[in-house]
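Structure first, commentary second.
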Amino acid sequence: SVSFTDPEEDARRRDFTANGLFYDPLKKKIVDFVGGTRDIKKKQIRAIGEPEERFLEDHLRLLRAVRFAANLGFQIEPKTWSVLKHLKNKIHSVSPERIRDELVKMLTRPHAGRALELMSESGLLGEILPEIEAMRGVRQQVDFHPEGDVFVHTKLLMDQLKSPSIGLAFGALLHDVGKPPTLSEEGGTIHFYDHAHLGAEIAGRILTRLRYSNREIEAIVSCVAQHMKFADVKKMRIGKLKQFTVRDNFQTELELHRIDCLSSHGKLDLYRFLKRKVKEFAKEAL
């Protein structure tokens, strides 16, 4: 049912204090019934009233708290954070479409790496994307990945994103999702044989679960499937290299390759090689 109320009661029905502010255009002043001004100054996300009540009214607020904290560079107030972690499994009652939309806002805006970290620390990542949480503690070969395990590497990629498309953001998130199930070690050397192929299959299942469109799934899965092929571009015949670079998704995959390198060994020689070749091929076509 719908019931009308006064401004103060309206504010107290909202989720977090930073979202509970009003503006009086006649008096030209902010009206604050919930301490939102104070919390904004303290750079914290705090539930209005009892956190449990606010989260139980709409379980999507569990993810919204993480998104606001990450995107704004805020902390989550301790009591709100404690209740959020306790109620993490309630996120399963939210429709996949609403979760997907919240993830898009979270990962295509500033501080996506922080969002990933907060989701993991809260337990929400293990609930909605257990395949990503599985990256934690998965060691990598230090000569290629001095930065640490697969989760740390993925977080660093997310930190590199600057207003990315959905395809690039989720390509970065999912590009190494095939590593945990393909981990092997031979003679002290760590391997992830065929992880790009398996990762593409896993990514497809995740994106289908989250109700992405077929077009979006195809583009993101391509990022995952193709990301290891960039290591072989200097060995490709000219004809094959041209075909590789004229694909619709190539520019997104090239940017993924760049931030993948910057988040690991730091070498951009293949990226620069491809940029030169793309210019050469464009001139030839004139």
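Hydrogens, waters and symmetry mates are skipped; everything else that's a heavy atom, side chains included, is used.
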Test K105 against D101 for salt bridge (Lys or Arg N to Asp or Glu O under 4.0 Å), laying out the working first.
-> CA-CA 6 Å; K105 294 174 185 176; D101 292 347; over 6 Å; no
Identify whether L256 and L103 are in the same connected component of the hydrophobic contact network (ILVMFWY, side-chain heavy atoms under 4.5 Å).
-> yes
Would you confirm whether D32, through its side chain, and G35, through its main-chain N or O, come within 3.5 Å as a donor-acceptor pair?
-> yes
Applying the 4.5 Å side-chain criterion to the ILVMFWY set and letting contacts propagate, would V150 and L156 be lumped into a single cluster?
-> no
Any chance CG of N214 has more than 12 other-residue heavy atoms, nucleotides or ligands included, within less than 6.0 Å?
-> no
Between T189 and Q141, do the side chains contain an N or O donor and an N or O acceptor separated by less than 3.5 Å?
-> no
Same cluster or not: are V221 and M228 linked, directly or through other Ile, Leu, Val, Met, Phe, Trp or Tyr residues, by side-chain heavy atoms under 4.5 angstrom apart?
-> no
Please report the C-alpha distance between R12 and E9 in whole Å, then the side-chain angles of each, then the deciding distance to 0.1 Å, and finally whether the salt bridge (Lys or Arg N to Asp or Glu O under 4.0 Å) criterion is met.
-> CA-CA 5 Å; R12 297 192 182 281; E9 181 60 26; 5.9 Å; no
Tell me whether the guanidinium CZ or amine NZ of K234 lies under 6.0 angstrom from the six-membered ring centre of F273 and within 45° of its axis.
-> yes
Can you say whether the rings of F230 and F250 are parallel (under 30°), tilted (30 to 60°) or perpendicular (over 60°)?
-> parallel
Please test I132 against M119 for side-chain contact (heavy atoms from CB on, under 4.5 Å), starting from the C-alpha separation and ending with a verdict.
-> CA-CA 10 Å; I132 304 299; M119 280 198 293; over 6 Å; no
Is the backbone N or O of P110 less than 3.5 Å from a side-chain atom of N71, with the two atoms forming a donor-acceptor pair by type?
-> yes
Basic-acidic side-chain contact under 4.0 Å: E280, K283 = no
Short question: side chain of T245, backbone of L241 - any donor-acceptor pair under 3.5 Å?
-> yes
How close do A203 and V177 get, heavy atom to heavy atom, and via which atoms?
-> N-CG1, 4.2 Å
Would you please say whether a donor-acceptor pair under 3.5 Å links the side chains of H59 and S93?
-> yes
Is it true that V34 and V83 fall in one hydrophobic cluster, defined by side-chain heavy atoms closer than 4.5 Å?
-> no
Relative to F151, does R136 satisfy both conditions: NZ or CZ under 6.0 angstrom from the six-membered ring centre, and within 45 degrees of the ring's axis?
-> yes
Drop me the distance from N249's CG to L254's CG, to the nearest 0.5 angstrom.
-> 11.0 Å
Provide the closest heavy-atom pair for S122 versus L84 in the form atom of the first, atom of the second, distance.
-> CB-CD2, 3.5 Å
Does any donor atom in the side chain of Q75 or K42 lie under 3.5 Å from an acceptor atom in the other side chain?
-> no
Mind running side-chain contact (heavy atoms from CB on, under 4.5 Å) on I76 and F68 for me, showing each step along the way?
-> CA-CA 9 Å; I76 299 177; F68 290 138; over 6 Å; no
Are R98 and D58 within salt-bridge range, i.e. N to O under 4.0 Å?
-> yes
Worked verdict on R215 versus E218 for salt bridge (Lys or Arg N to Asp or Glu O under 4.0 Å) | CA-CA 5 Å; R215 184 176 181 180; E218 182 179 353; over 6 Å; no
Residues H175, H257; criterion side chain to side chain donor-acceptor pair (under 3.5 Å); working and verdict = CA-CA 10 Å; H175 80 289; H257 169 72; over 6 Å; no
Do E216 and S213 get their side chains close enough for a donor-acceptor pair, meaning under 3.5 Å?
-> yes
Parallel, tilted or perpendicular: which describes the rings of F192 and H195, with under 30° parallel and over 60° perpendicular?
-> perpendicular
Charged N to carboxylate O below 4.0 Å: is that the case for D24 and K29?
-> no
Which pair of non-hydrogen atoms, one from H111 and one from G73, has the smallest distance, and what is that distance?
-> CD2-N, 4.2 Å
Is R247 close enough and on-axis enough to F244, meaning under 6.0 Å and within 45°, for cation-pi?
-> yes
Ignoring hydrogens and angles, tell me if any N or O in the side chain of T80 forms a donor-acceptor pair with the backbone of A47 under 3.5 Å.
-> yes
Which is it for H153 and D260 under the side chain to side chain donor-acceptor pair (under 3.5 Å) test, yes or no, and what are the steps along the way?
-> CA-CA 8 Å; H153 170 65; D260 195 4; 2.8 Å; yes
State the CZ-CG distance between R109 and L72, to the nearest 0.5 angstrom.
-> 9.5 Å
Can you tell which of D159, T154, L157, V66 makes a side chain to side chain contact (heavy atoms under 4.5 Å, CB included) with L116?
-> T154
Evaluate side-chain contact (heavy atoms from CB on, under 4.5 Å) for E127 paired with K90, printing each intermediate quantity in order.
-> CA-CA 9 Å; E127 298 293 331; K90 297 291 185 181; over 6 Å; no
Kindly compute the distance separating OG (S184) from CD1 (I190), expressed to the nearest 0.5 Å.
-> 9.0 Å
Output for pair (N19 CG, R61 CZ), nearest 0.5 Å, gives 9.5 Å
Is M135 atom CE crowded by more than 12 heavy atoms from other residues, nucleotides or ligands, each under 6.0 Å away?
-> yes
N/O donor-acceptor pair under 3.5 Å between Q140 side chain and D149 backbone = yes
All heavy atoms of A115 vs all of L107, minimum pair found to be CB-CD2, 4.5 Å
State whether R14 and D10 are salt-bridged, where the test is any N-O pair (Lys NZ or Arg NE/NH1/NH2 against Asp/Glu carboxylate O) under 4.0 Å.
-> yes
Is there a path of hydrophobic side-chain contacts, each under 4.5 Å between heavy atoms of I, L, V, M, F, W or Y residues, that connects V152 with F144?
-> no
Going by distance alone, is a donor N or O of one side chain under 3.5 Å from an acceptor N or O of the other, for S222 and E253?
-> yes
For the residue pair G171 and C223, what are the closest heavy atoms and their distance?
-> CA-CB, 4.0 Å
Decide yes or no on side-chain contact (heavy atoms from CB on, under 4.5 Å) for Y193 and T182, but give the supporting numbers first.
-> CA-CA 6 Å; Y193 292 123; T182 59; 5.8 Å; no
Just by distance, do the side chain of H197 and the backbone of D194 share a donor-acceptor pair under 3.5 Å?
-> no
Ion pair K242/E284, N-O distance below 4.0 Å | yes
Just how far is it from atom CZ of R209 to atom CD of E131, taken to the nearest 0.5 Å?
-> 4.0 Å
Evaluate side chain to side chain donor-acceptor pair (under 3.5 Å) for E133 paired with S120, printing each intermediate quantity in order.
-> CA-CA 7 Å; E133 182 63 31; S120 180; 2.8 Å; yes
Grab the two heavy atoms, one from Y212 and one from I166, that are nearest each other, plus how far apart they are.
-> CE2-CG2, 4.0 Å
Which is it for E97 and R100 under the salt bridge (Lys or Arg N to Asp or Glu O under 4.0 Å) test, yes or no, and what are the steps along the way?
-> CA-CA 5 Å; E97 291 86 352; R100 175 201 63 208; 5.6 Å; no
K79 with E50: basic N within carboxylate O range, under 4.0 Å | yes
Return yes when atom CD1 of I30 has more than 12 non-hydrogen atoms of other residues, nucleotides or ligands closer than 6.0 Å, and no otherwise.
-> no
Got more than 12 heavy atoms from elsewhere within 6.0 Å of NE2, H86?
-> no
